[in-house]
There are 2 protein chains.
Amino acid sequence: MQMKTIQPVTVFQALGDETRLRVVRLMVVAGDESCLCELVDSLMEPSYKLSRHLKVLRQAGVLVSRKEGRWVYHRLVSESPCLELLYKMVRALPDSQGVYGTDLKRFRERLRLREGGRCQVGVQSEALKDEVV
Amino acid sequence: MQMKTIQPVTVFQALGDETRLRVVRLMVVAGDESCLCELVDSLMEPSYKLSRHLKVLRQAGVLVSRKEGRWVYHRLVSESPCLELLYKMVRALPDSQGVYGTDLKRFRERLRLREGGRCQVGVQSEALKDEVV
DNA sequence: ATGATACTTGTACTATAGTGCAATAATGCA
DNA sequence: TGCATTATTGCACTATAGTACAAGTATCAT
């Protein structure tokens, strides 16, 4: 599932979306892996949307995903000098609207719900729970 | 014409195109400014196409343009720590297809046509000259 | 087995980006 | 002034990306 060589254009395209950049920034700064529901609660975006964006990041080789039970944990790929430089740049990006800061704050709070370092719950934000009525 | 704050997403979008990345890579590695016709001869792409791509890079705040007679010289913006990190990453990108290398080679040859450090001629590649018949 | 939970994806829709041709500035030279 | 040269842009066309809803898959608990 790993890419042989990174495709520079694809990587930049992957970062060229507000939602995806929020994900990458969050993971760069937090330095932790995350499952989908934690990202949903951190970014306050619907799961189907984030799931698609995570797929784009994965296909670009920026992210790898690991399934553990019902949860899928995502983390940044850190085996490439180029990507490391990219993350360094992402970490240095200004947070003019405070969005990245808010995402991080919510993420850190959400991490407190883990038990034994593992996520045990689903989406907490009422408005974003899949209303399977 | 300078941007107050850089818009991260816009910058990544600007780099997320093959042609524009070739331009940026060329300028990062060559470390020189360039006019449109020099870029046309280096990348072997039509001038109207490159002109549009240069505009995108300019609007993203990655590039500034300076008019001098009939020529317009373009150079990378280097007043931002973020952009410097980005250039460092671009410089480290693999050149798997050898495209960047070929662009650079042609660019260096093209620079020899300058006199007094200034471009004095237009597009040299016959196939790309605007056929104003 | 049944149902709940965590996540993914088929489909349809809309908006935007990239391209090529042709026309249009803008500048300098004879 | 007229014309060649350097560069930009209006327009039409096509392809692709992002979104939302709803349906689907995979896993676990009871």
Side-chain angles (χ1 to χ4, degrees), chain A residues 9-10 12-23 34-41 43-60 63 65-74 110 113-114 118-125 127-133, chain B residues 1 9-10 12-23 33-41 43-60 63 65-74 110 113-114 118-125 127-133:
Chain A
V9 169
T10 308
F12 286 122
Q13 281 172 345
L15 281 276
D17 173 275
E18 185 61 44
T19 307
R20 291 194 294 263
L21 186 53
R22 283 170 70 195
V23 171
S34 172
C35 62
L36 182 63
C37 57
E38 290 172 335
L39 289 174
V40 170
D41 282 330
L43 275 64
M44 303 291 279
E45 297 284 349
S47 56
Y48 66 79
K49 184 176 169 179
L50 289 180
S51 183
R52 280 227 159 79
H53 282 305
L54 289 169
K55 185 177 184 179
V56 173
L57 289 169
R58 202 182 315 125
Q59 290 177 334
L63 196 128
S65 306
R66 172 178 67 83
K67 188 160 191 173
E68 185 176 315
R70 272 176 295 183
W71 287 267
V72 179
Y73 290 93
H74 310 273
R110 184 59 165 71
L113 298 185
R114 285 194 188 174
R118 304 281 112 226
C119 179
Q120 304 291 339
V121 297
V123 172
Q124 297 299 296
S125 317
L128 290 167
K129 285 181 182 171
D130 289 331
E131 312 277 3
V132 187
V133 184
Chain B
M1 199 77 158
V9 169
T10 308
F12 286 121
Q13 281 173 345
L15 279 276
D17 173 274
E18 185 61 45
T19 307
R20 291 195 294 266
L21 186 54
R22 284 170 69 194
V23 171
E33 62 181 6
S34 171
C35 63
L36 182 64
C37 56
E38 290 172 335
L39 290 173
V40 170
D41 282 331
L43 275 65
M44 302 292 279
E45 296 284 349
S47 56
Y48 66 79
K49 184 176 169 182
L50 289 180
S51 183
R52 279 226 161 80
H53 283 306
L54 289 169
K55 186 178 184 179
V56 173
L57 289 169
R58 203 183 314 127
Q59 290 176 335
L63 195 129
S65 306
R66 172 179 66 83
K67 187 159 192 173
E68 186 177 313
R70 272 175 295 182
W71 288 267
V72 178
Y73 290 92
H74 309 273
R110 185 57 165 73
L113 299 183
R114 285 195 188 174
R118 304 281 110 228
C119 179
Q120 304 291 338
V121 297
V123 172
Q124 297 300 296
S125 318
L128 290 167
K129 287 179 180 171
D130 289 330
E131 313 275 4
V132 187
V133 183

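Proteins come first, then strands; the chains are lettered A, B, ... in the order of their sequence lines, and each starts at number 1.
Listed candidates were D:dT19, C:dG20, D:dT27. Nearest to the side chain of B:K49 is C:dG20. Of the candidate nucleotides D:dT27, C:dT19, D:dG18, D:dT27 has the atom nearest to the side chain of A:R70. Comparing C:dC7, C:dT11, C:dT19 by their nearest atom to the side chain of A:R52 picks out C:dT11.
Summarising the geometry, the separation between CZ on A:R118 and C1' on D:dC28 is reported as 17 Å, rounded to the nearest angstrom. Between the CG atom of A:L54 and the P atom of C:dA6 there is a distance of 16 Å, given to the nearest Å. A:L36 places its CG atom 15 Å from the C1' atom of D:dT27, with the value rounded to the nearest Å. When rounded to the nearest whole Å, the span between CD of B:E18 and C1' of D:dT16 equals 17 Å. As rounded to whole Å, 15 Å separates atom P of D:dT27 from atom CZ of A:R66. We find that CH2 of A:W71 is positioned 13 Å from P of D:dT27, with the value rounded to whole Å. The interatomic distance linking B:Y73 (OH) with D:dT6 (P) rounds to 11 Å, in whole Å. Atom pair A:L128:CG and C:dC7:P shows a separation of 13 Å (rounding to whole Å applied).
The base of D:dG18 has none of its N or O atoms less than 3.5 Å from a complementary donor or acceptor on the side chain of A:R20.
Comparing A:E68 and B:Q120 by the nucleotide of DNA chain D that holds the closest heavy atom to each, the one mapping nearer the 5' end is B:Q120. Each of A:E38 and B:E45 has a nearest nucleotide on DNA chain C; the 5'-most of these lies closest to A:E38. Position along DNA chain D of the nearest nucleotide to A:G69 versus A:P46 favours A:P46 as the more 5'-ward residue.
In this model, the phosphate group of C:dT9 is approached by a side-chain N or O of A:K55 to a distance below 4.0 Å at OP1 or OP2. Close to D:dT19, at under 4.0 Å from its OP1 or OP2, lies a side-chain N or O of A:H53. Between A:Y48 and D:dA20, a side-chain N or O to OP1/OP2 separation shorter than 4.0 Å is present. One finds no side-chain N or O of B:K67 lying less than 4.0 angstrom from the OP1 or OP2 phosphate oxygen of D:dA7.
Across all strands, B:V40 comes closer than 4.0 Å to no nucleic acid atom at all (heavy-atom distances).
Looking at A:R110 and A:C119, their side chains come closer than 4.5 Å, going by heavy atoms from C-beta outward.
Here the options are B:R52, B:H53, B:Q59, the test is side chain to side chain contact (heavy atoms under 4.5 Å, CB included), and the partner is B:K55; only B:Q59 passes.
Looking only at distances, a side-chain donor or acceptor of A:R22 sits under 3.5 Å from a matching main-chain atom of A:L43.
Salt bridge status for B:E33 with B:R118: present, with a side-chain N to carboxylate O gap under 4.0 Å.
With hydrogens and angles left out, the side-chain atoms of B:S34 and B:H74 include no donor and acceptor closer than 3.5 Å.
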